[in-house]
J.: 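This is the structure, below, for whatever I ask next.
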Protein chains: 2
Amino acid sequence: MRASVNDVAREAGVSVSTVSRTFTRPELVSERTRTKVLKVADELNFSVSRSAGAFKNGQTLRIALVTGGHIDWFSARIFEGLNSVLHETGYDLSLYAIDNDDDRARFFDQLPANRNADAIIVSSFDITEQESERLRTMGIPVVGINIAATTGFDASVGIDDTAASQILVRHLVALGHRRIAYLYERSISPLRFSSYRRVTGFTELCDELDSVTGTPIAVEHGDDFVNAAFTTLLSRPDPPTAICVHQDSWAIPFFLRARRYGIHIPDDLSIVGFDDSDFAAEAGLTTIRQRPREMAQLAARMALDLIDGKTPAEPHVTAPVQLVLRDSAAAPPR
Amino acid sequence: MRASVNDVAREAGVSVSTVSRTFTRPELVSERTRTKVLKVADELNFSVSRSAGAFKNGQTLRIALVTGGHIDWFSARIFEGLNSVLHETGYDLSLYAIDNDDDRARFFDQLPANRNADAIIVSSFDITEQESERLRTMGIPVVGINIAATTGFDASVGIDDTAASQILVRHLVALGHRRIAYLYERSISPLRFSSYRRVTGFTELCDELDSVTGTPIAVEHGDDFVNAAFTTLLSRPDPPTAICVHQDSWAIPFFLRARRYGIHIPDDLSIVGFDDSDFAAEAGLTTIRQRPREMAQLAARMALDLIDGKTPAEPHVTAPVQLVLRDSAAAPPR
DNA sequence: CTGTTAGCGCTTTCAC
DNA sequence: GTGAAAGCGCTAACAG
């Protein structure tokens with residue numbers, strides 16, 4: 001029913017190799033034959049099966065993406081970026097969604113991607129040394145996006161979370177803030193390493209700076225973090241005058257609720273985020289912009305290079321971030 | 001380097017068929033041989049190549065997903081849902097992102113998915129009769145998610161957008177509203193049919209109901225829709241007292257800006273949305289809940305059935321929606 | 001420029 | 001319970 005090279009060959013009165021060549025190396029086929037083949041192919045609704053060809057070269061035309069199961073703003077951009085580069089080359093993403101410790105153990109134990117992907121991309125995943133070692137046994141290139149250590153990775157792209165965090169602190173300090181809180185989710189740390197580095201970057205710089213007090217506030221997944229934050233704020237004699245949130249979207253509830261608690265942003269409280277995601281501009285949120293889509297595209301290109309046996313000139317890339325100033329951060333109340 | 005059935009067979013002193021059977025139909029292999037094979041396989045770090053096997057059966061183990069290029073809340077859930085069902089069966093999603101009319105024309109002209117997918121899923125895409133016809137020429141099952149007409153589709157899942165829209169209208173009318181606006185983006189209509197049906201559902205019911213005036217407000221993509229809405233509101237002698245927005249996330253800017261314009265939600269203005277996406281609860285938004293993840297899972301299961309030659313008992317499913325009452329809609333000011 | 005042929009890794013009859 | 005062998009659709013030598 002679905003036509004194969006054989007069908008086209010027979011119908012066009014040529015050999016299968018001619019049909020194959022017509023599609024893969026048309027310059028090797030005479031004008032006349034080529035048109036004839038193409039015509040027949042069209043009639044028969046034929047197009048080359050990538051998988052058959054790929055299979056011959058021992059390729060799978062898949063790239064495994066290991067990441068958390070929930071597609072958030074960041075992952076969506078990663079996905080778009082990877083896909084935009086890979087799709088044109090016929091590659092697909094095989095998504096391995098790791099939602100919890102069980103998934104995680106199973107994945108690294110069974111390595112379901114083994115022999116079923118040509119490269120593996122690990123995104124925002126706090127992978128251990130052993131896990132990384134395990135991935136290597138698959139014998140395919142391993143590329144990281146926003147990962148912690150690059151040991152065992154053939155290439156990686158990521159922002160410098162520590163530095164990014166510190167840009168925010170410096171900005172707030174420059175505005176006059178001396179008591180700053182950092183709000184993060186404790187339980188995401190096993191998956192998203194960036195979280196950890198942002199917090200430590202924050203804490204370390206605050207400690208270093210004279211007369212600056214940094215207060216990390218960890219909330220559990222599912223907790224009402226706004227409440228947690230306001231509780232901290234309101235229950236101290238000397239509450240923080242600024243809050244960094246681990247990601248932009250966490251700022252929404254602050255904007256929505258602050259007024260109820262009689263707090264005005266930014267006059268009473270400054271708030272800054274990470275990502276510069278969709279609504280940050282609308283909300284007027286001062287934030288750190290990162291470009292996950294572009295990072296992913298770079299990662300994808302490096303993965304393709306590595307599959308081709310080419311080592312990227314600069315395999316470990318630190319992607320730029322940018323402080324985006326808006327209205328959610330201002331001088332603290334005096 | 002990567003071990004194949006042959007390597008394992010040689011090393012274990014058995015035939016390739018035995019190795020194959022050990023993995024595909026273990027019950028046909030004696031206990032002893034099986035353990036031996038598995039042991040060797042483990043030593044050699046062997047696991048079956050899905051693509052090779054699939055290739056033999058003429059399968060690609062891919063399912064093409066045709067949808068818009070931007071992964072929004074809805075698409076992300078669709079993706080998660082499809083993936084959760086498909087991944088276990090070894091299938092991957094091949095994402096065909098249609099961003100504009102050019103992409104669209106190219107896709108339906110060249111049918112890049114032809115012979116490269118075992119089924120095709122069309123999500124939130126206002127496909128034409130001809131396009132649908134074109135898809136059928138690939139000879140694989142076609143499944144729709146939130147599509148307009150089901151002609152040419154082997155199966156589909158979707159909410160009744162018209163009815164959903166009217167649930168909102170009825171709720172607002174019951175609260176006492178008589179002048180209601182519907183805010184939608186004009187330019188997304190070619191891709192997302194749901195938009196169109198929501199608007200017409202809205203308009204028609206308003207026309208039908210005595211003394212209810214429905215005002216559709218179309219904004220262009222990229223426009224400042226909040227401004228567009230407030231302009232309409234503030235420039236009329238008898239402005240709408242309630243606004244429906246095409247998707248929840250559009251409500252955020254209303255909440256954020258309303259106060260600046262001296263408008264209090266819901267006392268001065270009610271606002272309702274669609275989706276019940278992540279922040280709707282936090283924002284206290286009255287909305288229509290749909291469950292795209294579940295819809296996608298159903299679509300995926302039906303696609304798999306169709307691939308197996310099984311026709312789903314009930315191939316065209318209307319997924320339930322639910323009015324979620326929160327605090328953003330109340331009686332109009334008197 | 002074109003045809004013949006081997007073979008990619010696996011599954012699957014068909015024999016034994 | 002196990003092995004031999006064919007063949008899926010394609011590409012790539014190699015010959016002509």
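Here is how names work: the chains are called A, B, and so on, in the same order as the sequence lines, proteins then strands, and each is numbered from 1. Note that these values count all heavy atoms, side chains included, but never hydrogens, waters or copies made by symmetry.
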J.: I'd like to know if the side chain of B:Ser17 pairs up with that of B:Ser20 as donor and acceptor (distance under 3.5 Å, no hydrogens or angles considered).
T.: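 Their side chains do not contain a donor-acceptor pair, so the 3.5 Å distance test is not met.
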
J.: Let me know the distance between CG of A:Asn114 and P of C:dG9, rounded to the nearest Å.
T.: 14 Å

J.: With sequence neighbours left out, write down each residue that passes side-chain contact (heavy atoms from CB on, under 4.5 Å) with B:Glu31, or none if nothing qualifies.
T.: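 In terms of side-chain contact (heavy atoms from CB on, under 4.5 Å), with neighbours along the sequence ignored, B:Glu31 is linked to B:Arg34, B:Thr35.
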
J.: For nucleotides 13-16 of chain C, print each protein N/O atom paired with a nucleotide N/O atom at under 3.5 Å, atom names and distance only.
T.:
none

J.: In residues 54-61 of chain A, which residues come under 4.0 Å of DNA chain C by heavy atom?
T.: A:Phe55, A:Lys56

J.: Toward the 5' end of DNA chain C, which comes first, A:Arg32 or A:Val16, by nearest nucleotide?
T.: A:Arg32

J.: Specify the separation, in whole Å, of atom CD of B:Glu27 and atom P of C:dT12.
T.: 12 Å

J.: Working note: B:Val122 + B:Ile145, criterion side-chain contact (heavy atoms from CB on, under 4.5 Å); need CA distance, chi angles, decisive distance, verdict.
T.: CA-CA 6 Å; B:Val122 180; B:Ile145 298 176; over 6 Å; no

J.: Is B:Ser20 touching bases, backbone alone, or none of the nucleic acid, heavy atoms closer than 4.0 Å?
T.: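 Base contact - B:Ser20 has a heavy atom under 4.0 Å of at least one base atom.
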
J.: Of all residues at least two apart in sequence or in a different chain, which pass the salt bridge (Lys or Arg N to Asp or Glu O under 4.0 Å) check with B:Arg293?
T.: B:Glu80

J.: I would like to know whether A:Asn116 and A:Thr60 meet side chain to side chain donor-acceptor pair (under 3.5 Å); could you show each step before the answer?
T.: CA-CA 6 Å; A:Asn116 291 305; A:Thr60 64; over 6 Å; no

J.: Would you sort out whether A:Ile120 and A:Val143 count as a side-chain contact (heavy atoms from CB on, under 4.5 Å), showing the intermediate values?
T.: CA-CA 6 Å; A:Ile120 183 160; A:Val143 177; over 6 Å; no

J.: Take B:Glu31 and A:Ser47, find for each the nucleotide of DNA chain D with the closest heavy atom, and name the residue whose nucleotide sits nearer the 5' end.
T.: B:Glu31

J.: Under 3.5 Å, which donor-acceptor pairs do the side chains of residues 86-93 of chain A form with other protein atoms, sequence neighbours left out?
T.:
{"from": "A:His87", "atom 1": "NE2", "to": "B:Leu95", "atom 2": "O", "distance (Å)": "2.7"}
{"from": "A:Thr89", "atom 1": "OG1", "to": "A:Leu86", "atom 2": "O", "distance (Å)": "2.7"}
{"from": "A:Tyr91", "atom 1": "OH", "to": "A:Gln59", "atom 2": "NE2", "distance (Å)": "2.7"}
{"from": "A:Tyr91", "atom 1": "OH", "to": "A:Asp118", "atom 2": "OD2", "distance (Å)": "3.2"}
{"from": "A:Asp92", "atom 1": "OD1", "to": "B:Ser94", "atom 2": "OG", "distance (Å)": "2.6"}
{"from": "A:Asp92", "atom 1": "OD2", "to": "B:Arg62", "atom 2": "NH1", "distance (Å)": "2.1"}
{"from": "A:Asp92", "atom 1": "OD2", "to": "B:Ser94", "atom 2": "OG", "distance (Å)": "3.1"}

J.: Taking the side chain of A:Thr33 as its heavy atoms from C-beta onward, which of C:dT5, C:dC1, C:dG9 lies nearest to it?
T.: C:dC1

J.: Output every pair passing ring pair (Phe, Tyr, Trp, His ring centres under 6.0 Å) with a member in residues 19-38 of chain B, not counting sequence neighbours, ordered by first then second residue.
T.: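 Qualifying pairs: B:Phe23-B:Phe46.
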
J.: Name all residues meeting the side-chain hydrogen bond (donor to acceptor under 3.5 Å, both in side chains) criterion together with B:Glu43; count only those two or more places apart in sequence or in a different chain, and write none if there are none.
T.: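 B:Glu43 satisfies side-chain hydrogen bond (donor to acceptor under 3.5 Å, both in side chains) with B:Lys39 once adjacent residues are dropped.
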
J.: With sugar-phosphate meaning primed atoms plus P, OP1 and OP2, does B:Phe46 contact a base, only sugar-phosphate, or nothing at under 4.0 Å between heavy atoms?
T.: sugar-phosphate

J.: Which part of the nucleic acid, if any, lies within reach of A:Val19 when heavy atoms closer than 4.0 Å are counted: base, sugar-phosphate only, or nothing?
T.: nothing

J.: Tell me which donor-acceptor pairs under 3.5 Å the side chains of residues 305-317 of chain A have, and how far apart each pair is, sequence neighbours excluded?
T.:
{"from": "A:His316", "atom 1": "ND1", "to": "A:Ser156", "atom 2": "OG", "distance (Å)": "2.7"}

J.: Please collect all ring pair (Phe, Tyr, Trp, His ring centres under 6.0 Å) contacts where either partner lies in residues 49-73 of chain A, sequence neighbours excluded, each pair once.
T.: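 Checked against ring pair (Phe, Tyr, Trp, His ring centres under 6.0 Å) - neighbours excluded - the pairs reaching residues 49-73 of chain A are A:Phe55-B:Phe55.
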
J.: Please tell me which of B:Gly13 and A:Ser4 maps to the more 5' nucleotide of DNA chain D, matching each residue to the nucleotide holding its nearest heavy atom.
T.: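 Upstream on the strand: B:Gly13.
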
J.: Mind running salt bridge (Lys or Arg N to Asp or Glu O under 4.0 Å) on A:Asp101 and A:Arg104 for me, showing each step along the way?
T.: CA-CA 5 Å; A:Asp101 290 348; A:Arg104 183 176 188 151; 5.1 Å; no

J.: If you look only at pairs with a residue in residues 98-117 of chain A, which of them pass as a ring pair (Phe, Tyr, Trp, His ring centres under 6.0 Å), with sequence neighbours excluded?
T.: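 As it turns out, the ring pair (Phe, Tyr, Trp, His ring centres under 6.0 Å) pairs with a partner in residues 98-117 of chain A, which skip direct neighbours, are A:Tyr96-A:Phe107.
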
J.: 5' to 3' on DNA chain D, which nucleotides open and close the contacts with chain A (atom under 4.0 Å from a heavy atom)?
T.: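 Footprint of chain A along DNA chain D, 5' to 3': D:dG9 to D:dA13.
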
J.: Bend across the helix from C:dC1-D:dG16 to C:dC16-D:dG1, to 10°, with axes taken over 5 pairs at each end?
T.: 40°

J.: Carefully, step by step, assess B:Val157 and B:Glu294 under the rule side-chain contact (heavy atoms from CB on, under 4.5 Å).
T.: CA-CA 10 Å; B:Val157 203; B:Glu294 283 73 9; over 6 Å; no

J.: When all nucleic acid strands are considered with a 4.0 Å heavy-atom cut-off, which category describes B:Ser30: base, sugar-phosphate, or nothing?
T.: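 B:Ser30: backbone/sugar contact only, no base atoms under 4.0 Å.
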
